[in-house]
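Report on the following structure.
Just the heavy atoms: all of them, side chains too, but no hydrogens, waters or symmetry mates, feed the values below.
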2 protein chains.
Amino acid sequence: MNENKLNILIAEDDLNLGFLLVEFLESRGIDVKLYRDGELAFNGFKGGDFNFCIFDVMLPKMDGFSLAKKVKIVDPKIPIIFLTARAMKEDKMKGYNIGADDYITKPFDEDELLCRIMAISNRLDFSNATCGKICQIGKYEFDFENLSLDFNGQIKRLTTREAEVLRMLCISKKKVVKREQILTAIWGENDYFAGRSLDVFISKLRKYFAEDSTVTIDNITKVGFILNC
Amino acid sequence: MNENKLNILIAEDDLNLGFLLVEFLESRGIDVKLYRDGELAFNGFKGGDFNFCIFDVMLPKMDGFSLAKKVKIVDPKIPIIFLTARAMKEDKMKGYNIGADDYITKPFDEDELLCRIMAISNRLDFSNATCGKICQIGKYEFDFENLSLDFNGQIKRLTTREAEVLRMLCISKKKVVKREQILTAIWGENDYFAGRSLDVFISKLRKYFAEDSTVTIDNITKVGFILNC
DNA sequence: AACGTGTTGTTAATGCGATGTTAAAATGAA
DNA sequence: TTCATTTTAACATCGCATTAACAACACGTT
């Protein structure tokens, strides 16, 4: 309910344009964070709580399309607008296939960009964006900020990783959370070892919930996990 | 329920362009209706069941913006794309203020228009909270993303393959889905063993639907299967 | 109708890859 | 260093898609 506020991540290496954008959008009451290359942007994205992205297509370290692909794995619904100097059709198609919501050719008009952002965000469904800081899981209370799991006043302290994994399961309670999504969002990469690591944490979490049998973390082979409670 | 199908109203007085658009979109499996002036378009809109609009800005009888305003009163959420020959900023702003979702300057590329339509319609909330991927099959509710089959709140979990096969049958409910099509799409090859495997999965799915006799998966020898419900 | 051939229905056995779990190594912060 | 935490390794277990095997069926031919 409180998260109806736009929180935009911008990835743009031309800092002149970048700062201009930041200033303009902030003047309109929008939260903005600027990153100057693809990798920084992705790390920023993992850490932050963004609900909108604007990516330059050409970026150092990782180009806008690759960045979009990874971001879409973590949050498939997040809207992305691409900025590009070129007006190539192939580029546009590529962007749309990845799931671009819009495409703007530089130089562009700031007001028009704002209009496009608004047009898209008006359709946004913020409803399940955040499940609050504290999440009820069966008889447990999970506080992500405090890394704590409270069971009848008995407080179990979680490690960062444990909390991160549990948070992802919590956000989509009773829904399948894909392995790929968790791995990309938390480990940043989706390889064998990260995968095994995730399994270890799932195993740990299950133990923590052992005292309330209504809480289970179920596996869907080859797909992911579901937190049921 | 399964209004996941696009039904587009086009208002365009240049009939060359109009018919071209209709033909192109219909070839992509989209329902389209063309009107050649603003008033006809609005009457058509009231009578029909459209979920997407494309308006030329300059139209006889009633211009695109006025048309949009009236349409938005009837259905405030309906997406509208404007077409215009002019690339005037004022026009664009006016369009966005009315609630345009996009803005395309003529001449434009048909593929790009399709991409933009898709980008917008993908964000569309066709159903209620549960974002659209759910399919009603008799008394069952099939959720492909969650690999679940809900019967009166009783949830049966599906495996990846089961869900994939069921999805293909669902997409063409009550229509023949060719063996070849399923095999190529899911198994990637159309040989004897893949075929037998498919038969095994069909058999499993039939069992899952045993509790509602109105749901049947019928075989068409040498051709494929039909999901009837 | 009876036959024969190829197709489909169904169940069960198999084998492999994915996951569960625990413990040991690595990492890294204090 | 020590301690907490995460990663890697090693082994146990489980679930799933495939394969096999046989029964039932469809359909064209005689």
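Between A:Lys207 and C:dT22 there is a side-chain polar atom (N or O) within less than 4.0 angstrom of OP1 or OP2. A sub-4.0 Å separation between OP1 or OP2 of D:dC16 and a side-chain N or O of B:Thr159 is absent. Of the side-chain N and O atoms in B:Thr221, none sit less than 4.0 angstrom from OP1 or OP2 of D:dC25. At the phosphate of D:dT7, OP1 or OP2 sits under 4.0 Å from a side-chain N or O atom of A:Trp187.
Checked against C:dT11, D:dT18, D:dT8, the side chain of B:Ser203 finds its nearest nucleotide in C:dT11. Of the candidate nucleotides D:dA20, C:dT8, D:dA17, C:dT8 has the atom nearest to the side chain of B:Arg179. You'll find that the side chain of B:Arg196 is closest to C:dG9, out of C:dG20, D:dT18, C:dG9. When each of D:dT6, D:dC27, D:dT18 is scored by its nearest atom to the side-chain atoms of B:Phe201, the top-ranked nucleotide is D:dT18. Closest contact between the side chain of B:Val200 and the listed nucleotides D:dT18, C:dA18, C:dG20 involves D:dT18. Closest to the side chain of A:Phe193, out of C:dT10, C:dA18, D:dA9, is D:dA9. Nearest nucleotide to the side chain of B:Arg161, out of D:dT7, C:dT7, D:dA17: D:dA17.
Looking at which nucleotide of DNA chain C each of A:Ile217 and B:Lys204 is closest to, the 5′-most match is held by B:Lys204.
Between the NZ atom of A:Lys156 and the P atom of D:dA4 there is a distance of 11 Å, given to the nearest Å. Computed from coordinates, the B:Lys222 NZ to D:dA26 P distance equals 16 Å when rounded to whole Å. Look at CG on B:Asp199: it is 14 Å from C1' on D:dA21, rounded to the nearest Å. B:Leu166 has its CG atom 14 Å from the P atom of D:dA17, to the nearest Å. For the pair B:Asn219 CG and D:dA26 P, the interatomic distance rounds to 9 Å; values are reported in whole Å. Residue A:Tyr192 contributes atom OH, which lies 12 Å from atom P of C:dG17 at whole-angstrom precision. The interatomic distance linking A:Phe225 (CZ) with C:dT19 (P) rounds to 6 Å, in whole Å. Between B:Arg157 atom CZ and D:dG15 atom C1' the separation is 15 Å, expressed in whole Å.
The side-chain contact (heavy atoms from CB on, under 4.5 Å) with A:Asn219 is formed by just one residue from the set A:Val223, A:Thr221, A:Thr216; it is A:Thr221.
Pairing each heavy atom of A:Ile137 with each of A:Cys170, the nearest pair is CD1-SG, 3.3 Å. The two atoms that bring A:Lys175 and B:Asn146 nearest to each other are CA-OD1, 3.4 Å, heavy atoms only.
No more than 12 heavy atoms of other residues, nucleotides or ligands shown are found within 6.0 angstrom of NZ on A:Lys33. Atom CZ of A:Arg36 has 12 or fewer neighbouring heavy atoms from other residues, nucleotides or ligands inside a 6.0 Å radius.
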